[in-house]
Amino acid sequence: EPEVTQTPSHQVTQMGQEVILRCVPISNHLYFYWYRQILGQKVEFLVSFYNNEISEKSEIFDDQFSVERPDGSNFTLKIRSTKLEDSAMYFCASSEDRYSGNTIYFGEGSWLTVV
Amino acid sequence: LAKTTQPISMDSYEGQEVNITCSHNNIATNDYITWYQQFPSQGPRFIIQGYKTKVTNEVASLFIPADRKSSTLSLPRVSLSDTAVYYCLVGDQGGKLIFGQGTELSVKP
């Protein structure tokens, strides 16, 4: 079964450093997403991406964050100047289409620890 | 965006059938109902999706009454490995899934 893959699985970084989380969405999918989950809390939407631009973003996704599809297979989330509160599990997801009824598939996550 | 309400937690024993009901009174005409399963430190995993009546796949069934204001996820003969958090989601607003707290299912031997 096709799956969304994410790297790294776990990253520890110092406060203030930049982090790039990488994702390879399912190959025929056109919509890509990032979600995050702080330990013990709900899964939260960050951003959706289609046709090389952001479709929608949450209030969490401020200027500290950026997304990019640098080539035909990767989708990245960059976090600039990390803060302690950025420590969370970050999930990449993808779907064929954006309408209700199209299943969104999640990766296994990248656990980011900011120290 | 339709809001969902589901029990915070449920307990069951191995081999039993588990039914988790979710209410979504404000579901829109075009909204589908999707259930995800999440194990600790893993990504949400798609279980089943439906629009109306009944949907069944190899792992679960989803029952949706005619008014679509609720839905019930049915897990037949659960095992210890089904211990997880189960989320009911309605609509996706272009990918902006809104997760609630989910139902924490605990399966005991």
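Keep in mind that the numbers below use all heavy atoms, side chains included, and drop hydrogens, waters and symmetry copies.
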* Quick one: pull up CD in Q49(B) and CD1 in I104(A) and give me the separation to the nearest 0.5 Å. => 9.0 Å

* Contact summary for Q42(B) and M89(A), nearest pair of heavy atoms -> N-CE, 4.5 Å

* For the pair L97(B) and F106(A), evaluate side-chain contact (heavy atoms from CB on, under 4.5 Å) and give the outcome as yes or no after the intermediate values. => CA-CA 12 Å; L97(B) 293 176; F106(A) 288 78; 4.0 Å; yes

* Structure fact -> Interface check, chain A: of Y51(B), Y87(B), Y36(B), F39(B), most non-hydrogen pairs under 4.5 Å belong to Y36(B)

* Asked: Does atom CG of L39(A) have more than 12 heavy-atom neighbours, drawn from other residues, nucleotides or ligands, at distances under 6.0 Å?
  -> no

* Asked: Can F99(B) and Y35(A) be said to form a side-chain contact (heavy atoms from CB on, under 4.5 Å), step by step?
  -> CA-CA 10 Å; F99(B) 284 81; Y35(A) 286 75; 4.1 Å; yes

* To do: Answer yes or no: does atom CG of D67(B) have more than 12 heavy-atom neighbours from other residues, nucleotides or ligands under 6.0 Å?
  => yes

* Any chance the side chains of Q37(A) and Q38(B) put a donor and an acceptor closer than 3.5 Å? -> yes

* Return yes when atom CD of E44(A) has more than 12 non-hydrogen atoms of other residues, nucleotides or ligands closer than 6.0 Å, and no otherwise. => yes

* To do: Decide if atom CD of E85(A) counts as having more than 12 heavy atoms of other residues, nucleotides or ligands within a radius under 6.0 Å.
  => yes

* Name the option with the most non-hydrogen atom pairs under 4.5 Å to chain B; the candidates are F91(A), F32(A), Y50(A). => F91(A)

* Is there a path of hydrophobic side-chain contacts, each under 4.5 Å between heavy atoms of I, L, V, M, F, W or Y residues, that connects V67(A) with L30(A)? -> no

* **Linked, directly or transitively: V114(A) and F65(A) (ILVMFWY side chains, under 4.5 Å)** => yes

